[in-house]
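Protein chains get the first letters and strands the later ones, always in sequence-line order, with residue 1 at the start of each. Computed from a prediction, not measured in an experiment: that's the story for all the values here.
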Amino acid sequence: MERKLVVSSSPHIKSPENIQSIMVDVLIALFPVALMAVFLFGFRALITMVIAMVAAMATEAIILRKGSFFGDGSAAVTGLLLAMTLPPAPPWWVVAIGAVVAIAIGKHIYGGLGNNIFNPALVGRAILFVSWGTHLSGSVWLKPVPFGFTADAVSQASPLVTHDASLGDLFIGTVSGSLGETSALALIIGAIWLFYRGHIDWRIPGGYIGIVFIFGLFAGGFSMGLYHVLAGGVLLGALFMATDMVTSPVTANGKLIFGLGCGVITMLIRLFGTMPEGVTFAILLMNGLTPLIDNMTLPKKFGEVKKSA
Amino acid sequence: MSTLAQEFSKGIFKENPTFRLLLGMCPTLGVTTLAFYGFGMGVSTLFVLLCSNIVISVLRNAIPAKVRIPAYILIIATFVTIVDMVLKAFVPDLHGALGIFIPLIVVNCIILGRAEAFARKNNVGRSIIDALGMGMGFTISLTVLGIIRELFGSGSIFGVNILGTSFQPMGLLSSPPGAFITLGILLGLCNFAFKRLGIE
């Protein structure tokens with residue numbers, strides 16, 4: 001006789017989504033950004049991205065010693081995100097060390113995917129930044145040459161230092177900067193895909209970009225507000241880095257606080273600090289606060305009564 | 001009662017002050033930018049530890065229990081002052097680099113810890129062995145940390161260039177965060193090794 005009542009333990013609702021499918025979605029979302037980087041900075045951008053991804057995946061494969069080279073795809077995402085935060089053509093060993101450090105120290109020392117406190121790609125970037133700052137700032141920014149795939153490189157100051165780029169250039173991406181941060185258009189296209197697939201929540205990017213705009217508004221009016229949102233790494237950070245599922249809060253209010261905190265620290269570093277850009281350190285600092293934010297924003301249980309003191 | 005050999009080796013392996021007990025972290029993180037600084041700090045601490053262990057062990061029945069900590073500090077501070085003056089006279093470079101960390105040996109928890117936990121309960125002979133073991137363990141740990149940080153942060157070991165002129169030093173390892181990261185990785189490796197060897 002067929003059993004009428006099947007008793008099983010939770011979970012009862014199963015989703016076809018798994019880590020690999022999410023990571024593939026992120027790679028798809030990063031595709032327009034990567035395309036734009038190659039379009040603007042030539043094949044040297046592609047080489048940087050390939051080195052970072054291969055080094056990251058190789059490190060992951062060596063540490064885990066199982067599965068395929070691609071694995072769950074998280075190493076590929078970390079490698080690509082790291083490349084997005086780097087200048088167009090740093091020395092190859094800087095890129096490779098950054099990727100190895102990102103995976104080994106940023107992720108696996110904490111126990112692998114899901115246990116890391118800090119965003120691995122940003123850990124890699126931060127360590128490169130403090131170790132070999134000369135390859136990551138100053139005169140490393142190249143003037144973008146659309147379709148100039150093999151053109152000679154001309155260096156140009158970052159728009160965050162000069163403050164003279166037009167808003168249109170910043171939106172399309174024809175300004176100097178890190179591989180993935182120049183083109184607001186490509187970043188937004190990629191983020192729409194992530195929103196559509198439900199992998200990111202509006203609260204983190206919303207809080208982040210909103211507070212950056214408000215700070216810019218007070219610093220120099222409406223156009224300065226937009227300038228601060230579009231220039232530098234705020235969009236890349238807010239849409240792809242701060243929204244990392246592992247290292248950001250899970251509660252709704254927590255996400256908003258996290259986004260606001262990232263924005264405030266970014267703008268404090270930009271306006272009052274010695275560095276032109278503060279997205280990396282802002283997100284890393286807030287990553288460290290994530291467990292605290294999660295604990296303090298636990299939603300109230302239905303029917304819960306406040307205990308009298 | 002353990003044998004003297006065990007008493008000596010425990011300071012280097014099983015109860016290594018840096019990697020097992022996590023004592024004396026302040027100089028460990030502060031002065032190990034170069035291997036020589038780490039070694040100098042280790043030897044200074046070894047000397048103070050040895051002398052204070054001897055004196056405290058000798059006086060262990062004469063010091064009233066209620067005022068023992070001030071008495072220990074007084075004894076330790078005497079030897080730290082000697083070390084401070086000797087370093088200033090003979091190796092002024094090292095003295096300048098170690099700076100405030102030399103006077104701070106007075107409050108180094110390894111020294112006070114050994115006085116409190118060992119020297120006041122054991123005879124002079126055992127206290128000497130204990131101080132030598134602990135001091136050697138501390139010196140070795142600091143030197144290892146210094147070698148790693150100097151090799152990657154400056155491309156040399158004990159001032160001798162190893163990695164050639166084309167090497168671009170990794171600035172992180174010369175900076176304070178580099179000390180924490182290097183120490184953390186070494187601690188992890190030590191725990192892993194001890195687990196494999198079955199020493200807990």
Is it the case that over 12 heavy atoms from other parts of the model lie below 6.0 angstrom from the [atom1] atom of [X]?
{"X": "A/Phe215", "atom1": "CZ", "value": "yes"}
{"X": "B/Phe167", "atom1": "CZ", "value": "yes"}
{"X": "A/Leu292", "atom1": "CG", "value": "yes"}
{"X": "B/Met25", "atom1": "CE", "value": "yes"}

Okay, B/Pro169 and chain A: the region with an atom under 4.5 Å from a heavy atom over there is backbone

So, the part of B/Leu173 with a heavy atom under 4.5 Å from chain A: the answer is neither

Applying a strict 4.5 Å limit to non-hydrogen atoms, the region of A/Ile105 in contact with chain B is side chain

Contacts of A/Met245 meeting side-chain contact (heavy atoms from CB on, under 4.5 Å) (sequence neighbours excluded), chain-then-number -> A/Ile22, A/His199

Rounded to the nearest 0.5 Å, the CD1 atom of B/Ile185 sits from the CD1 atom of A/Ile109 at a distance of 4.5 Å

At a 3.5 Å cut-off, give me the donor-acceptor pairs between chain A and chain B, one pair per line with the distance.
residue: A/Ser131; atom: O; partner: B/Gly171; partner atom: N; Å: 3.2
residue: A/Ser131; atom: OG; partner: B/Leu172; partner atom: N; Å: 3.3
residue: A/Trp132; atom: NE1; partner: B/Gln168; partner atom: O; Å: 3.0
residue: A/Trp132; atom: NE1; partner: B/Pro169; partner atom: O; Å: 3.1
residue: A/His135; atom: NE2; partner: B/Gln168; partner atom: OE1; Å: 2.7

